[in-house]
Amino acid sequence: MQKNQHSYENLFEQSKTHNQDHLFGFWNKLDDSQQNRLLMQIAELDFDRLDELIRNNVLSAEPFPLPQKIEPAFFYPAEPKNDKQRNEYQRAWEVGENALRAGKVCAFTVAGGAGTRLGFDGPKGMFKISPVLNKSLFQLFAEYILNCKKRYNPDLRWYMMTSTTNHQETIQFFKDNNFFGLNPAHVVFFQQGMMPAFSTDGKILLDTPSSLSLSPDGHGGSLRALRKSGALDDMRRLGVEYISYFQVDNPLVRCLDPLFIGLHIQSGSEMSSKSLSKAHDLERVGNFVIGDDKLMVIEYSDLPDELAHAQNPDASRKFDAGSIAIHILSRNFVERITEGDLKLPYHRALKKVPYVDSNGNRFKPTEPNAIKLEQFVFDAIPLAQNPIVLQTRREEEFSPVKNADGADSPETCRRDLSARTARWLKRMDVHIKCDENGYPACGVEISPLRAIFESDLK
Ligand code: UTP
């Protein structure tokens with residue numbers, strides 16, 4: 001008789017073959033529901049793939065393979081440089097708006113991250129950020145999307161990727177807030193994949209005697225999850241061709257930007273990205289470069305120092321295009337690269353991960369003890385045809401909430417939201433008292449329901 005694929009016997013045998021049978025170390029002490037939970041988690045593991053990952057990414061820490069030839073990336077400037085480009089941008093804006101009207105674009109938020117640095121108890125999108133009315137990140141995006149629905153297409157869809165740890169709470173938050181006025185059928189939640197954490201000698205860690213230590217598989221996992229969840233099929237059925245990708249932690253983002261969408265379409269790009277001019281040579285953002293003739297992102301930690309400090313003849317920074325995780329992806333492209341195994345590299349990080357030892361004692365390490373592996377969405381760029389980069393202005397579109405305090409914190413983000421609003425108002429001749437850096441003395445806020453672009457205030 002054939003053994004049930006997910007039976008104890010089968011999964012135990014598999015884990016033994018792959019040197020992971022310690023996962024069953026407490027089996028006899030578990031009750032039925034605990035045993036089931038453990039079996040369900042182990043059944044999700046692809047042991048053959050994990051063997052390869054353990055060999056190549058856990059037991060060895062190969063440095064990032066730098067391309068032989070690294071040159072600065074071409075990008076479309078934030079403001080058109082001459083009349084020809086002004087016309088091109090004008091046309092692109094119209095093309096983008098037409099695509100939005102025709103229902104060819106959807107919004108897509110990646111909200112599956114753990115948000116450890118912020119230390120907020122709950123999904124990060126629930127964090128209250130707006131400077132006056134204290135609206136959550138989710139609400140600000142919802143209002144932006146509502147504005148676009150009114151302007152362009154009432155059927156516009158918003159896809160949201162969560163993870164096991166925050167899925168239910170995220171949905172509940174939307175329900176509790178009546179989806180902020182959005183049609184619930186137009187907000188599609190789905191979960192990303194999870195990846196186990198490993199000890200430095202390649203063993204999968206247990207979080208408790210009956211559960212693995214699992215974390216989300218990185219924002220690159222969003223591409224696989226789009227397919228696996230059926231979201232891509234849903235998009236094809238609805239005629240959605242372009243996916244406007246943004247992260248949950250940057251409330252200044254243009255969730256749907258006609259110019260960006262239009263340039264993506266006009267240039268026949270399969271994956272487009274926004275960049276900004278780096279604040280300093282070693283800013284902790286990825287760098288857009290042309291590596292061996294392909295557009296790609298090299299992380300700040302991998303870009304050689306002499307390149308980070310390199311200058312043009314006019315003393316401007318040579319590698320100046322920083323990556324801010326805002327993209328347009330063509331649906332066809334995501335379909336193509338997720339056929340079979342998604343071929344994105346795994347990035348290795350040494351982290352502090354609580355675990356249960358072989359005696360059943362749980363430890364909370366004070367030093368990094370475990371390897372986590374994640375895929376990053378920008379690694380898909382070199383796989384795309386005609387990828388482009390559009391520069392944007394930091395003060396208009398980027399101020400992420402990453403840390404509890406200091407740089408990229410709620411305080412800096414609220415300040416930047418207020419400053420942007422004050423700047424928009426100033427150009428409409430409404431003056432708000434600001435300090436010499438342009439930061440208002442008090443919070444200033446305009447709902448995205450009212451204005452998503454400065455020109456909406458005219
Ligand atoms: P970050 O790289 O800032 O990670 O994610 P994080 O997990 O949110 O925060 P820390 O590092 O634990 O403090 C950038 C964006 O990518 C999403 C996050 O939700 C955020 O929008 N993300 C990250 C995912 O959706 N899934 C992941 O596996 C990782």
Side-chain angles (χ1 to χ4, degrees), residues 107-127 129 136-138 140-142 144 158-167 169-171 173 188-197 213-226 228-229 231 243-253 255 273-274 283-286 297 299-301 322-327 329 334 342 344-354 368 370-380 397-410 412-413:
F108 176 36
T109 310
V110 286
T116 340
R117 283 169 288 171
L118 182 62
F120 172 62
D121 187 20
K124 208 190 230 186
M126 285 168 48
F127 190 83
I129 195 65
S136 64
L137 288 156
F138 281 143
L140 292 180
F141 301 138
Y144 192 111
W158 184 13
Y159 294 85
M160 169 98 60
M161 185 180 78
T162 61
S163 60
T164 324
T165 36
N166 65 20
H167 187 70
E169 219 180 328
T170 301
I171 294 178
F173 185 67
V188 184
F189 300 91
F190 62 91
Q191 296 186 49
Q192 70 176 113
M194 302 294 276
M195 176 59 87
S213 172
L214 295 170
S215 24
D217 59 1
H219 40 66
S222 63
L223 305 178
R224 193 185 298 106
L226 277 168
K228 214 173 152 191
S229 64
I243 304 169
S244 182
Y245 170 110
F246 55 93
Q247 302 191 333
V248 76
D249 53 19
N250 175 25
L252 278 81
V253 68
C255 305
S273 312
K274 280 198 183 172
E283 186 178 2
R284 292 158 77 95
V285 290
V297 170
E299 281 201 275
Y300 61 90
S301 46
S323 167
I324 47 172
I326 304 174
H327 303 282
L329 293 133
V334 183
L342 175 66
L344 300 187
Y346 279 88
H347 295 252
R348 177 189 204 268
L350 190 59
K351 299 251 169 144
K352 287 184 257 179
V353 177
I371 310 292
K372 283 191 176 184
L373 301 178
E374 288 191 0
Q375 288 178 309
F376 293 165
V377 76
F378 56 69
D379 283 324
E397 214 181 334
F398 188 65
S399 185
V401 184
K402 297 279 185 197
N403 306 308
D405 40 44
D408 297 339
S409 63
T412 53
C413 182

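We count ligands from 1, going down the list as the structure has it; atoms in each ligand are counted the same way. Computed from a predicted structure; not experimentally measured. Residue numbers count from 1 along this sequence.
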Side chain to side chain, [X] and [Y], heavy atoms closer than 4.5 Å:
X: Thr170; Y: Phe189; answer: yes
X: Val401; Y: Ser409; answer: no
X: Leu342; Y: Gln375; answer: yes

**OP:** Identify, with sequence neighbours excluded, every residue that meets salt bridge (Lys or Arg N to Asp or Glu O under 4.0 Å) alongside Glu169.
**Re:**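 Expected list: none.
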
**OP:** Any chance you could lay out the salt bridge (Lys or Arg N to Asp or Glu O under 4.0 Å) test for Asp217 and Arg224, step after step, and finish with the verdict?
**Re:** CA-CA 10 Å; Asp217 59 1; Arg224 193 185 298 106; 3.0 Å; yes

Heavy-atom distance to [atom]: which of [options] wins?
atom: atom 2 (O) of ligand 1; options: Lys351, Arg117, Lys372, Met195; result: Arg117
atom: atom 26 (N) of ligand 1; options: Gln192, Glu374, His219, Met194; result: Gln192
atom: atom 28 (O) of ligand 1; options: Gly218, Ser163, Gly125; result: Gly218
atom: atom 7 (O) of ligand 1; options: Ser215, Ala114, Gly112, Ala111; result: Ala114

**OP:** Go through the steps for Leu226 and Ile243 under the test side-chain contact (heavy atoms from CB on, under 4.5 Å), then give the verdict.
**Re:** CA-CA 11 Å; Leu226 277 168; Ile243 304 169; 4.3 Å; yes

Under 4.0 Å from a heavy atom of [X]: give me the atoms of ligand 1 that qualify, with their elements.
X: Val248; value: 19 (O), 21 (O)
X: Thr116; value: 9 (O), 10 (P), 12 (O), 13 (O)
X: Gln247; value: 14 (C), 15 (C), 16 (O), 21 (O)

Original post:
Which bit of Pro216 is near ligand 1, meaning a heavy atom under 4.0 Å away: side chain, backbone, both or neither?
Top reply: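 Both parts.
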
**OP:** Would you check, one step at a time, whether the test side-chain contact (heavy atoms from CB on, under 4.5 Å) holds for Phe108 with Met161?
**Re:** CA-CA 8 Å; Phe108 176 36; Met161 185 180 78; 3.9 Å; yes

Measure the distance from [atom] to every protein heavy atom, then report the residue, atom name and distance (to 0.1 Å) of the closest one.
atom: atom 24 (C) of ligand 1; answer: Gly113 N, 3.2 Å
atom: atom 8 (O) of ligand 1; answer: Gly115 N, 3.6 Å
atom: atom 21 (O) of ligand 1; answer: Val110 O, 2.7 Å

Original post:
Among pairs that include at least one residue of residues 397-407, which meet side-chain hydrogen bond (donor to acceptor under 3.5 Å, both in side chains), considering only residues two or more places apart or in two chains?
Top reply: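 Non-adjacent pairs meeting side-chain hydrogen bond (donor to acceptor under 3.5 Å, both in side chains): Asp249-Lys402, Lys274-Glu397, Thr392-Glu397, Ser399-Asp416.
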
Does any N or O atom in [X] lie less than 3.5 angstrom from one in ligand 1, N or O only?
X: Met161; value: no
X: Lys402; value: yes
X: Leu118; value: no

Original post:
Does the pair Phe246 and Phe141 meet the rule for a ring pair (Phe, Tyr, Trp, His ring centres under 6.0 Å), with working shown?
Top reply: CA-CA 10 Å; Phe246 55 93; Phe141 301 138; 5.2 Å; yes

